[in-house]
Amino acid sequence: MASKQNMIAVILILLGIGLTQIRPGETFTVGLGVGTIVIASLWIVVLIIQDLKKK
């Protein structure tokens, strides 16, 4: 069963991908999309590390 934190992180990654595709020539939306993807990915990595430390 997926936790709410993981689902939110995946939604943020999809949002970031969408932002990079809306206006590819506009650097602000591309940067915002890439930043959102990086932050959500780091969030998932932190959650995985915390889960592995518990076991």
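What's counted below: heavy atoms across the whole structure, side chains too, no hydrogens, waters or symmetry copies. Computed from a predicted model, the values in this text were never measured in an experiment.
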Asker: Write out all pairs satisfying salt bridge (Lys or Arg N to Asp or Glu O under 4.0 Å) with one or both partners inside residues 33-45, taking only residues at least two apart or from two chains.
Answerer: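 Of all non-adjacent pairs touching residues 33-45, none passes salt bridge (Lys or Arg N to Asp or Glu O under 4.0 Å).
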Asker: Among pairs that include at least one residue of residues 12-21, which meet salt bridge (Lys or Arg N to Asp or Glu O under 4.0 Å), considering only residues two or more places apart or in two chains?
Answerer: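 For residues 12-21, and leaving out neighbouring residues, there are no salt bridge (Lys or Arg N to Asp or Glu O under 4.0 Å) pairs at all.
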Asker: Is V45 isolated, or which residues cluster with it under the ILVMFWY side-chain rule of less than 4.5 Å, directly or via members?
Answerer: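 Once heavy-atom contacts under 4.5 Å are chained together, V45 belongs with I49.
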Asker: Tracing side-chain links under 4.5 Å among I, L, V, M, F, W and Y, which residues wind up in one group with V34?
Answerer: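 Via sub-4.5 Å side-chain contacts, V34 links to V30, V38, L42.
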Asker: With salt bridge (Lys or Arg N to Asp or Glu O under 4.0 Å) as the rule and sequence neighbours excluded, what pairs involving residues 34-44 come up?
Answerer: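 Sorted pair list comes back empty.
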Asker: Start with the C-alpha gap between K4 and M7, add the side-chain angles, then the distance that decides, and say whether side-chain contact (heavy atoms from CB on, under 4.5 Å) holds.
Answerer: CA-CA 5 Å; K4 290 180 183 179; M7 288 187 282; 4.3 Å; yes
Asker: Please name all residues satisfying side-chain contact (heavy atoms from CB on, under 4.5 Å) with I48, sequence neighbours left out, ordered by chain then number.
Answerer: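 For I48, the residues satisfying side-chain contact (heavy atoms from CB on, under 4.5 Å) (neighbours in sequence not counted) are I44, L52.
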Asker: Give every residue pair that meets the salt bridge (Lys or Arg N to Asp or Glu O under 4.0 Å) criterion with at least one member in residues 14-27, sequence neighbours excluded.
Answerer: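 Those involving residues 14-27 are R23-E26.
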Asker: Between T29 and I22, is the side-chain contact (heavy atoms from CB on, under 4.5 Å) condition met? List the steps.
Answerer: CA-CA 8 Å; T29 56; I22 288 175; 5.5 Å; no
Asker: Which donor-acceptor pairs under 3.5 Å do the side chains of residues 8-16 make with protein atoms, sequence neighbours left out?
Answerer:
none

